[in-house]
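Below is one structure; the comments refer to it alone.
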Amino acid sequence: MILVEGLFDYAALWQAGFHNVTCSMGNHLSVHQYRQLCDSPRTVYLAFDADTNGSGQKAAQSLPAGSEGKA
């Protein structure tokens, strides 16, 4: 599963053939939402934009470590 920030990112990956993609509609992804993504055995890749304000990186760093999404 590839998690991207927005619909443009989602559409670009979908058109490139990556169909196991979802988006968080911005970088406001809560720990609860992340845990829902990780509730089954799967790998979740975060692909947030590297904006100059660092918001994507801050959002990714606020999530629990580990593939299970557990703190």
Side-chain angles (χ1 to χ4, degrees):
M1 171 76 60
I2 303 170
L3 175 63
V4 297
E5 278 187 63
L7 290 176
F8 182 79
D9 303 312
Y10 173 86
L13 286 174
W14 185 270
Q15 288 180 340
F18 295 93
H19 296 160
N20 200 12
V21 178
T22 191
C23 69
S24 64
M25 299 299 291
N27 53 33
H28 303 288
L29 179 68
S30 72
V31 172
H32 177 72
Q33 291 168 322
Y34 181 71
R35 285 186 175 148
Q36 285 181 322
L37 281 173
C38 299
D39 67 353
S40 63
R42 74 177 100 187
T43 301
V44 178
Y45 296 96
L46 298 180
F48 287 170
D49 298 333
D51 299 330
T52 56
N53 64 6
S55 59
Q57 290 73 27
K58 289 176 189 171
Q61 291 171 354
S62 71
L63 298 174
S67 60
E68 297 81 22
K70 296 178 183 172

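Values reported hereafter were calculated over all heavy atoms of this structure, with side chains retained and with hydrogens, waters and symmetry mates removed.
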Distance-only donor-acceptor hits, side chain of residues 6-19, under 3.5 Å, sequence neighbours excluded:
from, atom 1, to, atom 2, distance (Å)
D9, OD2, G6, N, 3.3
H19, NE2, W14, O, 3.3

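Here the closest non-hydrogen pair linking V21 and M1 is C-SD, 4.3 Å.
Taken from CG in L37 to NE2 in H32, the straight-line distance is 10.5 Å, to the nearest 0.5 Å. Separating the OG atom in S24 from the CD atom in E5 is a distance of 6.0 Å, to the nearest 0.5 Å.
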